[in-house]
Amino acid sequence: MQFDHFNSNQDDGLMSIEDLRALRLRKQKIESEKKARKYILEINKKYRKMRDNKSNNFFKNMKPFKKAA
């Protein structure tokens with residue numbers, strides 16, 4: 001039995017046990033990959049925000065016309 005990998009709304013009624021296991025494992029793998037991508041995206045957002053704040057502070061603190069004491 002061939003599966004359409006992009007259509008997860010398949011009829012599970014006429015599938016063999018091996019096909020059901022394969023479908024369940026494939027769905028679990030897709031869900032875990034989605035969670036991993038979401039987690040990585042959140043981490044990247046956090047570090048991007050930290051990096052942007054650090055670079056903004058650097059340019060704010062840099063005073064090219066400051067006189068030496």
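Keep in mind the model is a prediction, meaning the values are calculated, not measured.
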> What I'd like to find out is whether the side chain of Arg51 reaches to under 4.5 Å of the side chain of Arg48, using heavy atoms alone.
yes
> Nearest 0.5 angstrom please: Lys27 NZ to Leu23 CG, how far?
4.5 Å
> Which donor-acceptor pairs under 3.5 Å do the side chains of residues 34-42 make with protein atoms, sequence neighbours left out?
none

> Once side chain to side chain donor-acceptor pair (under 3.5 Å) is applied, do any residues pair with Glu31, and if so which ones, sequence neighbours excluded?
none
> Rounded to the nearest 0.5 Å, how far apart are CG of Leu25 and CD1 of Ile30?
11.0 Å
